[in-house]
Amino acid sequence: MALTREQMAQRVARELQDGFYVNLGIGIPTLVANYIPDGIDVMLQSENGLLGMGRYPTEDELDPDMINAGKETVTARPGAAIFSSAESFAMIRGGHVDLTVLGAFEVDQQGNIASWMIPGKLIKGMGGAMDLVAGADNIICTMTHASKHGESKLLEKCELPLTGAGCINRVLTDLAYLEIKDGAFILKERAPGVSVEEIVEKTAGKLIVPDHVPEMTFDAE
Amino acid sequence: MAGFDKRVASYEEAMEGIESGMTVIAGGFGLCGIPENLIAEIKRRGVTDLTVVSNNCGVDGFGLGILLEDRQISKILASYVGENALFEKQMLNDEIEVVLTPQGTLAEKMRAGGAGIPAFYTATGYGTPIGEGKEVREFNGRHCILEEAIVGDFAIVKGWKADRYGNVMYRHTAQNFNPMAATAGKITVVEVEEIVEPGELEPSQIHTPGIYVDRIIQGTFEKRIEKRTVRS
């Protein structure tokens, strides 16, 4: 079975380490905040200028001056800091964020990512994504492995305009967890019940399959 | 106006001198921390052919979105413009030129403009459509593109508190692009929720020192929420 969005978030959350500063993109990455393991403290960075994003506010706490990068009303957790957009991107571009999780339309075996623009469709903008992928050493891309029509999104070469070149080294799809190294995808784990053959079939880029590919496990919830 | 007293008496006076064809840098992220009354004054004045530099372009009927209604904006530099049906229509009809700019690069363009740095190199956008046609240099093994600073004829800024001398503090994440915008205007106008006497603000807590600010005005604000999210 392909992973659900929640399972994808759960799997990404296992990559969190105590003391990490983390930027979570919109969509599945945002859900990662719901699965931070017990005993691990992470500080969430929101690129509009908040380090230490807290929970959504109660009605009483609601404050129009307190939003996250998705423009949702949020709170600041104890120990948070608030700053300007220039300061925020100094953190991002300067490589101070420990882990960045973001979505993508396509990634390729060279670590290129396309996530912001589909020619011929309406282009809304890249927001902070180009800065995030340029600045971070440690990025996990979350995406579906193939389109609804079965076309692979893990390619030899991205077809859509890029968000960043050679910057992605880890990908979690609904079928597999992979690393990108030396011009190839390396299959590290597969979703429960998903065969290596299916992953091979749905990966258009160069894929290295080790002898043993462990199956992900999830606690029953 | 005497000495360092930057107060003006009306919004009309606050935007005195704005003309068609000018570049206006605006603070704000989404609808958070936007100079909503200064934008309304630009609408009232009916100036056109404006180049606007702002992370977003408001929503239909609020924020910078109201300047689209009478086609006052001919060009915009922004990182994300997807919240606005009128904007989409004008973009698709080529009635407005959109220069999509990575968010961090946009912030740095303003910061550099205010700081007297004419251009800077950044890895952001290299190898993407944003880097096309831009000068490339390699630093420490990384390809970087040259991005130019921005200076506005006007900068419009939303603060929380200011003193009469134009020292400004921002509230929570309504800070965002406002401090950089404030430095990058030939004329910088700040609207705030409260103007206090010099000495009432703690000097070390000032976000925007008054040297950057030409005019301040106290206003009342709707502070519309774009995405109201609450927990039960």
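What you are looking at is a predicted structure, and each value in this text was computed from that prediction instead of being measured.
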Chemist: Need one label for N178(B): side chain, backbone, both or neither, based on atoms under 4.5 Å from any heavy atom in chain A.
Modeler: neither
Chemist: Using only atom types and a distance under 3.5 Å, with no angle test, would you say the side chain of R224(B) pairs donor to acceptor with the backbone of P64(A)?
Modeler: no
Chemist: Tell me, yes or no, whether the heavy-atom count around K188(A) atom NZ, taken from other residues, nucleotides or ligands under 6.0 Å, exceeds 12.
Modeler: no
Chemist: Checking side chain to side chain contact (heavy atoms under 4.5 Å, CB included) for the pair Q103(B)/M130(A): CA distance, chi angles, key distance, verdict?
Modeler: CA-CA 8 Å; Q103(B) 198 173 125; M130(A) 285 193 183; over 6 Å; no
Chemist: Side chain, backbone, both or neither: which part of I123(A) has an atom under 4.5 Å from a heavy atom of chain B?
Modeler: both
Chemist: Quick one about D131(A) and T124(B) (side-chain donor to acceptor, distance below 3.5 Å, no hydrogens or angles considered), yes or no?
Modeler: yes
Chemist: So for T101(B), is it side chain, backbone, both, or neither that comes closer than 4.5 Å to the heavy atoms of chain A?
Modeler: backbone
Chemist: If we define contacts as heavy-atom pairs under 4.5 Å, which of S88(A), P161(A), P57(A) has the most with chain B?
Modeler: P57(A)
Chemist: Taking every heavy-atom pair that is under 4.5 Å apart, which of A78(B), S79(B), G30(B), C32(B) has the most such pairs with chain A?
Modeler: S79(B)
Chemist: Please determine which of L50(A), I67(A), D65(A) meets the side-chain contact (heavy atoms from CB on, under 4.5 Å) test together with H172(B).
Modeler: D65(A)
Chemist: Is M91(B) in contact with chain A via its backbone, its side chain, both, or neither, using a 4.5 Å heavy-atom distance?
Modeler: side chain
Chemist: Stepwise, does the side chain to side chain contact (heavy atoms under 4.5 Å, CB included) test hold for Y56(A) with V230(B)?
Modeler: CA-CA 5 Å; Y56(A) 290 131; V230(B) 292; 5.7 Å; no
Chemist: Under a 4.0 Å threshold between the charged nitrogen and the carboxylate oxygen, would R231(B) count as salt-bridged to E59(A)?
Modeler: no
Chemist: Begin from the C-alpha positions of Q175(B) and N48(A) and carry the test side chain to side chain contact (heavy atoms under 4.5 Å, CB included) through to its verdict.
Modeler: CA-CA 9 Å; Q175(B) 180 174 168; N48(A) 59 317; over 6 Å; no
Chemist: Side chain, backbone, both or neither: which part of E47(A) has a heavy atom under 4.5 Å from chain B?
Modeler: both
Chemist: So what's closer than 4.5 Å to chain A heavy atoms on L92(B): side chain, backbone, both or neither?
Modeler: side chain
Chemist: Do the charged groups of R171(B) and D63(A) touch, with an N to O distance under 4.0 Å?
Modeler: yes
Chemist: Mind ranking A123(B), G125(B), P129(B) by heavy-atom pairs under 4.5 Å with chain A and telling me who comes out on top?
Modeler: P129(B)
